[in-house]
Amino acid sequence: MVSNFNKMKNKFVKTIVVLVLGSAFFTSCKPKNSSDASAGDAEKAYVAPGKYDEFYNFVSGGFSGQLSVYGLPSGRLFRVIPVFSVDPEKGWGYSEETKPMLNTSHGFVPWDDLHHTELSQTNGEVDGRWVFGNANNTPRIARIDLKTFKTAEIIELPNSGGNHSSPFITENTEYVVAGTRFSVPGDYSNGDVAINTYKENFKGHISFVKVGKEGEMDLAFQIVTPGVNFDLSHAGKGKSHGWFFFSCYNTEQANTLLEVNASQKDKDFIMAVNWKKAEEYLKSGKAKKQSVKYAHNKWNEKTHTATSEIKNEVMVLDAAELKDICYMIPCPKSPHGCDVDPTGEYIVGSGKLAALIPVFSFDKLMSAIQSKKFDGNYGGINVIKYEAALHGEVQKPGLGPLHTEFDGKGNAYTTFFVSSEVVKWDIKSLKVLDRVPTYYSVGHLCIPGGDSKKPFGKYLVAYNKITKDRYLPTGPELAQSAQIFDISGDKMKLVLDFPTIGEPHYAQAAPADLIRNNGQIKFYKIADNNHPYAAKGEKEAKVVRQGNQVHVYMTSIRSHFAPDNIEGIKLGDVVYFHVTNLEQDWDVPHGFAVKGADNGELLIMPGETTTLKWVPNKVGIFPMYCTDFCSALHQEMQGYVRVSPAGSAVPLTWSVGTNLPAATK
Ligand code: K7E
Ligand code: CUA
């Protein structure tokens with residue numbers, strides 16, 4: 001959620017809430033009594049020691065830029081996967097091999113803001129192969145391989161600013177999409193324009209990134225649109241497969257004080273995109289080739305190294321010109337979430353400032369398009385008549401609707417930021433069935449498989465923004481939190497609270513077995529290691545000088561490095577420690593750190609080679625050691641590097657288990 005929301009909340013509560021809904025807010029946003037506030041059916045969350053959870057929960061880390069993996073229903077944290085931000089703990093962005101993963105057209109970027117996770121699907125069902133994540137700030141999409149729980153690929157998106165409505169996918173993972181939050185002048189145009197020329201010079205672009213059989217991403221095309229803010233999106237499925245839906249706000253096209261100026265209109269839009277039609281236009285040569293610059297980074301499991309390539313063009317289709325690829329559906333008050341039910345018939349738009357939730361019908365939308373029930377156009381894009389596409393409105397559902405997920409039994413669950421609750425309602429009848437308070441101010445929610453054709457139901461997790469009075473205080477910044485609800489019955493029941501990493505936004509979950517049995521990699525075969533600096537046995541360990549570059553081909557095995565004594569390094573040298581972990585057992589990583597290195601550590605998985613760059617800036621003896629407790633003699637896993645003055649005559653020597661001749665001098 002945007003931080004403006006907190007400010008907006010007060011104003012909103014005063015002006016609209018009180019007028020429209022009277023005291024409803026005050027009764028629904030606070031726990032009714034203290035036992036209510038702490039109530040939870042904690043036994044349902046209990047997973048005995050040594051037992052496995054039912055689901056993996058992939059949770060966005062928000063401004064941490066990472067993705068965390070929890071178990072459901074226990075709420076236990078299994079892993080933090082570094083994606084868009086450097087992570088010195090794991091060497092992500094610090095080792096020479098991982099640095100290219102964070103390359104962009106702006107150069108190396110060490111941080112980003114990850115809001116949404118999306119699991120790959122086959123036939124509209126979660127398939128457990130990959131999970132995608134979006135970078136908001138420097139627009140990118142990442143693909144994380146769930147065999148290794150490692151970021152395998154990152155692609156940058158040109159012509160964009162704030163990649164928020166991303167990385168949502170089509171039902172066979174044909175595409176992962178990205179709608180720009182900020183409209184900006186296209187990278188292929190002159191961007192040196194006055195900001196107040198927004199209306200003429202600022203354009204929106206939505207990107208369609210094709211996903212191959214092995215997951216490899218390719219920016220297939222973009223669609224240029226009028227300058228609005230795209231917020232969220234979801235693909236059609238089943239009958240609506242072939243369509244994508246994007247919520248837009250700031251259709252006022254304001255460029256300052258959006259809090260006020262982008263909240264003027266009664267209705268903004270959901271943009272319906274016929275991507276199959278767009279594909280046809282692309283094939284028939286209707287797209288313009290534009291020159292841009294974006295990075296495409298790939299991890300190679302054989303060389304254990306990433307490569308980064310800068311690409312120079314993108315095909316762009318114009319929505320105002322090609323009239324039948326985009327349509328605007330009016331949607332009340334700055335829609336945020338845009339969610340499609342499991343049948344593909346119903347499209348839910350959650351207007352942040354609306355006192356109702358409109359639900360659109362795909363069938364009605366199709367017949368409205370056919371019979372041209374238009375209400376003029378917006379920047380050349382036909383606007384559908386609101387009523388013509390409307391299935392109906394959920395009346396008085398709550399305040400500040402944000403996001404909706406589905407249980408596959410005909411129910412929708414919507415989060416309300418302002419009234420701080422999750423509301424369950426019937427998709428067809430639009431009747432509110434149940435509501436539970438959250439603690440407090442829920443943003444996204446997740447039902448396992450909840451945006452797919454086949455939700456697994458059972459649990460609902462709410463990701464909350466504010467946890468005042470919920471946990472022990474920790475200074476000005478409090479814990480971020482999630483809450484699990486049991487949704488197997490008619491009424492939602494609170495099961496567990498658990499704190500989370502960063503600020504969680506969207507999350508998805510998959511049955512544990514789907515991931516556990518997908519061919520998890522337990523270690524890398526040393527024979528398959530094609531890293532150019534690998535030392536595949538201790539005999540291959542060596543130190544090689546090339547001018548002022550020194551390459552240390554080092555091995556690690558319980559419980560020593562080879563070599564572990566190195567002399568002849570001089571000031572002015574750039575030293576590369578290429579550490580190969582020779583272990584061929586599950587769960588025996590070794591670590592590596594050297595005193596004074598302005599770098600992270602290395603964590604080297606069995607069979608892998610990883611490189612730490614070190615530029616010593618003092619003369620002396622520098623200890624190095626293994627940072628990962630690998631054996632009973634882990635503390636003995638250490639060594640020394642001797643650094644001599646520039647021009648010194650100390651020869652380059654190395655050893656393990658014997659004393660160096662130079663050492664006796
Ligand atoms: Cu509602 Cu960035 Cu998906 Cu946060 S967004 S909550
Ligand atoms: Cu190797 Cu500790």
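Both backbone and side-chain heavy atoms feed into the values below; hydrogens, waters and symmetry mates do not. Atoms within each ligand, like the ligands themselves, are counted from 1 in listed order.
- Inclusion of H505 in the first shell of atom 1 (Cu) of ligand 1 is not supported: no N, O or S atom falls under 2.8 Å.
- With respect to the salt-bridge test (charged N to carboxylate O, under 4.0 angstrom), the residues D585 and R558 qualify.
- Ion pairing of K333 with D268 is absent here, as no side-chain N (NZ or NE/NH1/NH2) approaches a carboxylate O to less than 4.0 Å.
- In the vicinity of H336, heavy-atom distances shorter than 4.0 Å reach the ligand 1 atoms 1 (Cu), 5 (S).
- At least one N/O/S atom of H403, whether from backbone or side chain, sits less than 2.8 Å from atom 1 (Cu) of ligand 1.
- In summary, the atoms of ligand 1 found under 4.0 Å from a heavy atom of G443, numbered by their order in the structure, are 6 (S).
- To the nearest 10 degrees, atom 1 (Cu) of ligand 2 sees ND1 of H590 and SD of M637 at an angle of 100°.
- At least one heavy atom of K465 sits under 4.0 Å from some atom of ligand 1.
- Under 4.0 angstrom from ligand 1, the non-hydrogen atoms of H444 come from both its backbone and its side chain.
- Salt bridge K150/E608: present, at least one basic N to carboxylate O contact under 4.0 Å.
- Annotation: cation-pi geometry satisfied between K352 and Y249 (NZ/CZ under 6.0 angstrom from ring centroid, within 45° of ring axis).
- Between E421 and R435 there is a salt bridge, since at least one side-chain N of the basic residue sits less than 4.0 Å from a carboxylate O of the acidic one.
- When distances to atom 1 (Cu) of ligand 2 are checked against a cut-off of 2.8 Å, C630 contributes an N, O or S atom below that limit.
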Criterion side-chain hydrogen bond (donor to acceptor under 3.5 Å, both in side chains) on H634 and E636, from CA distance to verdict: CA-CA 5 Å; H634 154 79; E636 279 69 19; over 6 Å; no

